[in-house]
2 protein chains.
Amino acid sequence: MVGNRRPAGRPRTRILNREVITDAARRIITSDGVPALTMTRLAQRLSVTPSALYNHATSKQEILRWIVDSIMGEVDASAFDTEPWREATRAWAASYRDVMVAHAELISSVATIEVIDSPRTVAMYERVVSGLHRAGFPFEACLPFIAALESFIYGSAFNELAPADIFDPGDEGDVAPNFVAAVEASQRGRNPREINDELFDIGLTAFVESSAERLGVC
Amino acid sequence: MVGNRRPAGRPRTRILNREVITDAARRIITSDGVPALTMTRLAQRLSVTPSALYNHATSKQEILRWIVDSIMGEVDASAFDTEPWREATRAWAASYRDVMVAHAELISSVATIEVIDSPRTVAMYERVVSGLHRAGFPFEACLPFIAALESFIYGSAFNELAPADIFDPGDEGDVAPNFVAAVEASQRGRNPREINDELFDIGLTAFVESSAERLGVC
DNA sequence: ACCTGAACACCGTTCAAGT
DNA sequence: ACCTGAACACCGTTCAAGT
């Protein structure tokens with residue numbers, strides 16, 4: 001604390017705001033993971049006292065919402081402005097999934113946090129809904145369609161987050177011979193990430209096509 | 001603490017073990033949610049000191065693994081013993097999803113926790129893999145297929161966990177007219193849970209069929 | 001308006017001491 | 001072998017006091 005003192009006479013510049021706090025928080029998560037994001041740690045990085053943060057955010061939860069909105073801003077939904085809806089959907093889903101994989105630790109937050117005071121998130125949904133509606137989707141079908149796609153995206157990204165040895169049966173192996181054979185066959189086989197990607201693509205296509213058929217969109 | 005004293009002379013009966021601890025922990029989660037599960041709270045319910053728990057579990061994380069394995073034991077994979085693989089897969093996925101919806105708060109734990117010392121979880125996978133392999137799935141295709149289905153299951157259950165007003169755009173509404181229209185149309189429409197169920201079914205069928213085709217399984 | 005410093009009510013975990 | 005009680009190093013949050 002002593003070494004942290006400003007030179008005398010230099011005016012204190014207010015430095016704390018949503019953007020700066022969000023940025024610092026994201027950097028902590030990137031370098032040391034979500035559990036490392038504590039109010040103390042965040043305050044330290046901003047050269048400030050933990051209690052100072054509460055002049056700008058009402059809670060740690062609110063800061064988490066800022067982070068999620070910031071991340072959602074990285075999802076590219078621009079294809080909906082120009083491309084046919086199938087291509088746009090595929091491009092958007094791929095980008096969404098990439099972003100989720102890059103921030104896998106936060107998926108459960110992304111999936112469950114309320115869309116409140118989240119301009120980037122709202123902007124993304126606006127783009128997607130506009131594109132779908134222009135393509136002939138009735139309004140009432142848009143959100144369910146989006147939500148179902150998000151299901152698949154979150155789940156698929158989870159597979160990337162799961163530890164590589166998530167399927168190690170350990171002591172139980174002798175009573176589960178087929179399971180063990182499957183685990184070993186997978187390990188000898190192709191890159192799991194590659195397989196994961198391919199299955200994501202298969203599932204996505206299957207869902208998009210069957211939805212289109214059911215909704216009568218062409 | 002004073003009122004908690006045992007009658008003098010009654011021998012102390014060892015009462016703590018994996019099953020008892022898991023049970024108590026699950027009851028706390030059921031009644032008051034995952035955040036309510038603290039070592040102190042758990043010890044209280046077992047009429048014991050928090051530190052006593054560490055004679056049976058090495059950490060809270062281990063207790064969480066016990067809980068997850070206990071929950072996985074509720075997933076019904078028995079159809080794989082008797083039914084054709086398509087029907088078995090559908091029944092298993094439906095049961096799996098029901099269980100996840102009932103324990104939505106724990107989905108991220110279920111999805112990411114290692115399968116270690118988890119007899120019920122291993123038993124479930126053994127059943128599924130056996131059924132798929134008997135139906136003609138090569139071993140190396142089993143786990144990717146299962147993992148992709150789990151993706152969809154977790155994601156779909158997440159939709160049930162998400163707060164009803166997750167799509168409330170708030171102040172941003174005026175700049176997102178299409179999004180707002182979609183939100184309103186959804187609210188006026190059918191029961192969201194019903195729609196969610198239907199989309200789960202569509203996605204599941206689509207994925208199962210396209211996988212079968214790709215793997216050459218009939 | 002914004003920040004500090006002290007305090008509060010918690011966490012999970014460790015460990016010497018008891019039986 | 002198993003439990004207690006005290007202690008440790010943390011959490012997020014509040015609030016009077018300063019500027």
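To find a chain, count down the sequence lines: A is the first, B the second, and so on, and within it residues start at 1.
- Only at 4.0 angstrom or more do the heavy atoms of residues 24-35 of chain B sit from any atom of DNA chain D, so none qualifies.
- Nearest nucleotide to the B/Pro50 side chain, out of C/dC3, C/dT13, D/dC11: C/dT13.
- One distance of note links NE2 of A/His56 with CD1 of A/Ile63; it measures 10.5 Å at 0.5 Å rounding.
- Against DNA chain D, the stretch residues 54-70 of chain A makes heavy-atom approaches under 4.0 Å through A/Tyr54, A/Ser59, A/Lys60.
- Looking at which nucleotide of DNA chain D each of A/Leu37 and A/Ala52 is closest to, the 5′-most match is held by A/Leu37.
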Report the C-alpha distance between B/Asn178 and A/Ser130 in whole Å, list the side-chain angles of each, state the deciding distance to 0.1 Å, and finish with yes or no for side chain to side chain donor-acceptor pair (under 3.5 Å). CA-CA 6 Å; B/Asn178 290 289; A/Ser130 300; 3.0 Å; yes
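- A salt bridge does not link B/Asp23 with B/Arg18: every distance from a Lys NZ or Arg NE/NH1/NH2 to an Asp or Glu carboxylate oxygen is 4.0 Å or more.
- The aromatic rings of A/Phe152 and A/Phe200 sit parallel, their planes meeting at an angle under 30°, below the 60° perpendicular limit.
- Annotation for A/Leu64 and A/Ser109: closest pair CD2-OG, 3.8 Å, computed over non-hydrogen atoms.
- In summary, B/Glu74 and B/Arg120 do not engage in a salt bridge, as defined by a charged side-chain N under 4.0 Å from a carboxylate O.
- Using a 4.0 Å heavy-atom cutoff across all strands shown, A/Thr38 reaches sugar-phosphate atoms only and no base atom.
- Helical stems involving DNA chain D, defined as 3 or more consecutive Watson-Crick or G-U pairs under 3.5 Å, span C:4-8 with D:12-16, C:12-16 with D:4-8.
- Donor-acceptor pairing under 3.5 Å, judged by distance alone, is present between the side chain of B/Ser51 and the base of D/dG5.
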Apply the test side chain to side chain donor-acceptor pair (under 3.5 Å) to residues B/Arg127 and B/Ser78: give CA-CA distance (whole Å), side-chain angles for both, the deciding distance (0.1 Å), then the verdict. CA-CA 7 Å; B/Arg127 240 169 169 170; B/Ser78 64; 5.0 Å; no
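- The salt bridge (Lys or Arg N to Asp or Glu O under 4.0 Å) test with A/Asp32 is passed by exactly one of A/Arg41, A/Arg26, A/Arg45: A/Arg41.
- Here the side chains of A/Ile146 and A/Leu132 are in contact, with some heavy-atom distance below 4.5 Å.
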